[in-house]
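Here the structure is laid out as structure tokens; the discussion comes afterwards.
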Amino acid sequence: MEIALIEIKKPGDNKSYNAGFGTTFNLKTTPGTWILKKIRQSIEKFPTISYAYISAIFKKYNHSVKYYLNTVPNECDLAILNVTAIRNNEETGIINTIKNKKKYKIGVYGVAADALPELYKNADFIITGEPENAIEQIANTEKIPQGIIDSKSLLNLEDIPYPDYKIFDINKFSYSPLLPYKPFVFLESSRGCKYSCSYCPHRIKNNFREKPLYKVIDEIKYMQGEYGVHAIHFVDSFFNMNEEKAKDFQTEFKNGNINIKWSMETRVDTLTCEI
């Protein structure tokens, strides 16, 4: 099948953040914030890691995958759209355009679809839950589903192929000035969180699961060898949730002589002097 991965994105958007609801950097304009906004919108450019996972799954079954940024294909067999809170109007508009003017099917996924599937009723199908199991079923059977598809959570994160960043021009991605190195990509060593803070969108996600440490290290080495990556950011909700694994990660990182810059997200109240 010919698969089209469609993304609607504006400067400052990050679709992988905020548990997948997305964030965008768009301050109210004053002289100072205008400068800051323009700098960040022009420099910070982030990949959407879920597209990289979906592409890898389809390619595992020998399907053709192409990424479309702020445009739609004239022809394909199936279009997939990651829907978010920050671009809901534009994304529902794309769904309607495809349904009215194109002959191919379109499916949507994302935590916005999971929370409010009725917003995307014009799509041919809506994936709720983590999308990988549903995508695997489509890729394997080549049958395009209809309606709401309940995609079960992955119990074993080792089952996901390494993200396919070949669909993007990864040299355009940047986390400067925090990580001023290219190529730069997102990686994931765990999903979910053991906490349930009322203000945090990650609390609606599934139980905490993590990749084995050897798999995380191997994925970093793969990214270096396959893409020449010089910097990574872990999009985990809370990287050092497993404190012992975080310590072992640093040990393996040094012992493996991995020369790469990296960053993570964490809770300040868990950062001991040792960590």
Side-chain angles (χ1 to χ4, degrees), residues 3-27 37 40-41 44-55 57 65-73 78-99 105-135 148-151 153-154 160 163-165 167-168 172-175 185-188 191-193 199-206 233-237 265:
I3 307 299
L5 302 181
I6 300 172
E7 181 158 43
I8 309 303
K9 211 173 194 181
K10 293 186 178 180
D13 287 0
N14 183 349
K15 299 282 190 80
S16 295
Y17 273 16
N18 208 14
F21 282 113
T23 62
T24 190
F25 193 80
N26 190 19
L27 298 172
K37 180 174 74 171
R40 289 195 61 175
Q41 286 184 347
E44 290 184 353
K45 299 184 187 301
F46 301 114
T48 301
I49 192 171
S50 60
Y51 279 127
Y53 280 133
I54 289 173
S55 177
I57 293 170
V65 182
K66 188 173 181 180
Y67 173 74
Y68 293 84
L69 179 60
N70 296 325
T71 186
V72 300
L78 174 62
I80 303 287
L81 176 66
N82 174 34
V83 291
T84 60
I86 59 172
R87 293 288 161 240
N88 175 69
N89 290 341
E90 296 92 334
E91 288 157 357
T92 52
I94 286 294
I95 294 169
N96 294 334
T97 296
I98 290 173
K99 292 298 294 181
K105 303 292 186 180
I106 179 167
V108 302
Y109 76 94
V111 291
D114 191 53
L116 294 168
E118 62 271 19
L119 295 181
Y120 310 101
K121 59 185 178 182
N122 288 341
D124 292 288
F125 64 88
I126 302 162
I127 297 175
T128 61
E130 295 180 349
E132 287 87 4
N133 274 325
I135 294 297
I148 295 178
I149 311 302
D150 182 18
S151 184
S153 301
L154 290 168
I160 315 176
D164 172 32
Y165 281 108
I167 60 171
F168 306 111
K172 292 183 177 180
F173 295 139
S174 170
Y175 205 175
V185 296
F186 283 165
L187 290 185
E188 177 184 68
R191 288 186 182 181
C193 185
Y199 58 83
C200 180
H202 290 275
R203 67 193 295 268
I204 72 166
K205 297 182 74 173
N206 299 283
H233 174 71
F234 286 102
V235 294
D236 306 35
S237 303
E265 295 184 48

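It should be emphasised that the depicted structure is a prediction, and the values quoted were computed from it without experimental measurement.
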**OP:** Please report the closest heavy-atom contact between Thr128 and Ala113, naming both atoms and the distance.
**Re:** CG2-O, 4.0 Å

**OP:** Specify the closest pair of heavy atoms between Leu154 and Glu130, including all atoms of both residues, with the distance to one decimal.
**Re:** N-OE1, 3.1 Å

**OP:** Specify the closest pair of heavy atoms between Glu188 and Phe234, including all atoms of both residues, with the distance to one decimal.
**Re:** N-CD2, 4.3 Å

**OP:** Tell me yes or no: between the side chains of Tyr109 and Ser151, is some donor less than 3.5 Å from an acceptor?
**Re:** no

Subject >> pair Lys66-Ile167: side-chain heavy atoms closer than 4.5 Å >> reply: no

Subject >> Over 12 non-hydrogen atoms of neighbours within 6.0 angstrom of NZ in Lys45 >> reply: yes

Subject >> Those residues that, when tested against Lys99, pass salt bridge (Lys or Arg N to Asp or Glu O under 4.0 Å) (two or more places apart) >> reply: Asp124

Original post:
Hey, mind stepping through Leu5 and Ser55 against side chain to side chain contact (heavy atoms under 4.5 Å, CB included) and telling me if it holds?
Top reply: CA-CA 8 Å; Leu5 302 181; Ser55 177; 4.0 Å; yes

**OP:** Apply side chain to side chain contact (heavy atoms under 4.5 Å, CB included) to the pair Ile86 and Asp13, showing each step before the final yes or no.
**Re:** CA-CA 8 Å; Ile86 59 172; Asp13 287 0; 3.8 Å; yes

**OP:** Identify, with sequence neighbours excluded, every residue that meets side-chain hydrogen bond (donor to acceptor under 3.5 Å, both in side chains) alongside Asn70.
**Re:** none

Subject >> Set of residues satisfying salt bridge (Lys or Arg N to Asp or Glu O under 4.0 Å) with respect to Lys10, sequence neighbours excluded >> reply: Glu90

Subject >> From CG (Asn122) to CD1 (Ile94), nearest 0.5 Å >> reply: 13.5 Å

Original post:
Ile80 versus Pro131: any side-chain heavy-atom pair under 4.5 Å?
Top reply: no

Subject >> Glu7: partners by side chain to side chain contact (heavy atoms under 4.5 Å, CB included), with sequence neighbours left out >> reply: Lys9, Lys15, Thr48, Tyr51, Tyr67, Leu69

**OP:** Using side chain to side chain contact (heavy atoms under 4.5 Å, CB included) as the criterion, list what pairs up with Asn88, not counting sequence neighbours.
**Re:** Thr92, Leu119, Tyr120

Subject >> Test item: Ile127 and Ile135 side chains (from C-beta on) under 4.5 Å apart, heavy atoms >> reply: yes

Subject >> Closest approach of Gly129 to Asp114 (non-hydrogen atoms, all atoms of both residues) >> reply: N-OD1, 2.9 Å

Subject >> Qualifying residues under side chain to side chain contact (heavy atoms under 4.5 Å, CB included), relative to Pro11, sequence neighbours excluded >> reply: Gln41

**OP:** To the nearest 0.5 Å, tell me how far Ile54 CD1 sits from Ile3 CD1.
**Re:** 10.5 Å

Subject >> Straight-line distance of Phe46 CZ to Tyr175 OH, nearest 0.5 Å >> reply: 5.0 Å

Original post:
How close do Pro117 and Ile126 get, heavy atom to heavy atom, and via which atoms?
Top reply: O-CD1, 3.4 Å

Original post:
Is it true that Asp236 and Arg191 have a side-chain N and a carboxylate O under 4.0 angstrom from each other?
Top reply: no

**OP:** Find out whether Val108 and Glu91 are in side-chain contact, i.e. whether some heavy atom of one side chain is under 4.5 Å from a heavy atom of the other.
**Re:** no

**OP:** Evaluate the criterion side chain to side chain contact (heavy atoms under 4.5 Å, CB included) for residue pair Val111 and Phe21; output intermediate values, then yes/no.
**Re:** CA-CA 6 Å; Val111 291; Phe21 282 113; 3.7 Å; yes

Subject >> Which residues share a ring-ring contact (aromatic ring centres under 6.0 Å, His included) with Phe173, sequence neighbours left out >> reply: Phe168

**OP:** Indicate yes or no: does Lys172 engage Glu44 in a salt bridge with an N to O separation below 4.0 Å.
**Re:** no

Subject >> Full working for side chain to side chain contact (heavy atoms under 4.5 Å, CB included) between Ile49 and Tyr165 >> reply: CA-CA 8 Å; Ile49 192 171; Tyr165 281 108; 3.5 Å; yes

Original post:
Can you name the residues that form a side chain to side chain contact (heavy atoms under 4.5 Å, CB included) with Thr23, not counting sequence neighbours?
Top reply: Asn14, Tyr17, Asn18

Subject >> Considering all heavy atoms, the nearest Pro47-Ser16 contact >> reply: O-OG, 3.4 Å

